[in-house]
Amino acid sequence: MPRTDYQLGIDQDAKRAFEIFAGNLKQARKARGWTIQEAASRALLSVNSYRAAEAGNLGTAAGVYLAALNAMELADGVADLAAPHRDDIGRQIQQANAKLRGR
């Protein structure tokens, strides 16, 4: 599959983190004793879509990952992905802007 422009902007650290996430998804499925077919069925996904998620395919829709996580009752962790308390850079920018406004 050819790379798309957005994939060029993803650095190696982010790709590695996503590979770990995909591996975690596979491990969670296996811990439940589910085959890929069972996991896909429970998530209301095609087997190919589910396989793409476990493979860490960057072109796989976020909804596919959410459906898989939901089927395993792991979707609650999604809310923490871009949570403000984890955004050190955003906080630093807000603080710098507040200091500039306070001059």
Output all residues satisfying side-chain contact (heavy atoms from CB on, under 4.5 Å) with Glu38, sequence neighbours left out; order by chain, then residue number.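 Partners of Glu38 by the side-chain contact (heavy atoms from CB on, under 4.5 Å) criterion, ordered by chain and then number, come out as Trp34, Thr35.
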Taking only residues two or more places apart in sequence, or in another chain, which ones meet Asp13 in a side-chain contact (heavy atoms from CB on, under 4.5 Å)?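 Partners of Asp13 by the side-chain contact (heavy atoms from CB on, under 4.5 Å) criterion, ordered by chain and then number, come out as Asp11.
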Are Val47 and Val64 in one and the same hydrophobic cluster, where Ile, Leu, Val, Met, Phe, Trp and Tyr link if side-chain heavy atoms are under 4.5 Å apart?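 Yes; tracing contacts between hydrophobic side chains, which count when under 4.5 Å, links both residues.
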Side-chain heavy atoms nearer than 4.5 Å, only ILVMFWY residues, links allowed to pass through others: does that put Ile10 and Ile20 together?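 No, separate clusters.
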So do the side chains of Thr60 and Tyr50 get within less than 4.5 Å of each other, counting heavy atoms only?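 Counting from C-beta outward, Thr60 and Tyr50 never come under 4.5 Å.
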Which side-chain N or O atoms in residues 67-76 pair as donor and acceptor under 3.5 Å with protein atoms at least two apart or in another chain?
none

Please determine whether a side-chain nitrogen of the Lys or Arg among Glu19 and Arg16 lies less than 4.0 Å from a carboxylate oxygen of the Asp or Glu.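 Salt bridge: yes.
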For a quick test of reading the model, state the closest non-hydrogen atom pair linking [X] to [Y] and the distance between them.
{"X": "Ala53", "Y": "Ala22", "answer": "O-CB, 3.5 Å"}
{"X": "Gln7", "Y": "Leu58", "answer": "NE2-CB, 3.6 Å"}
{"X": "Asn57", "Y": "Gly59", "answer": "OD1-N, 2.7 Å"}

Rounded distance [0.5 Å steps], [atom1] in [X] versus [atom2] in [Y]:
{"X": "Gln94", "Y": "Ile89", "atom1": "CD", "atom2": "CD1", "value": "12.5 Å"}
{"X": "Lys30", "Y": "Ile36", "atom1": "NZ", "atom2": "CD1", "value": "8.0 Å"}
{"X": "Leu81", "Y": "Phe21", "atom1": "CG", "atom2": "CZ", "value": "7.5 Å"}

Quick one: does Arg91's side chain have a donor or acceptor within less than 3.5 Å of a partner on Pro84's backbone?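 Checked: pair present.
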Sidechain-backbone polar pair: Arg32 side chain, Ala28 backbone, donor-acceptor under 3.5 Å: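 Yes, because the side chain of Arg32 sits within donor-acceptor range (under 3.5 Å) of the backbone of Ala28.
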Ring centroids only, cut at 6.0 angstrom: are Phe18 and Tyr65 within range, meaning strictly under it?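 Between Phe18 and Tyr65, the centre distance is under 6.0 Å.
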Just do the side-chain contact (heavy atoms from CB on, under 4.5 Å) check on Asp80 and His85 with the steps written out, would you? CA-CA 9 Å; Asp80 198 43; His85 72 274; 2.9 Å; yes
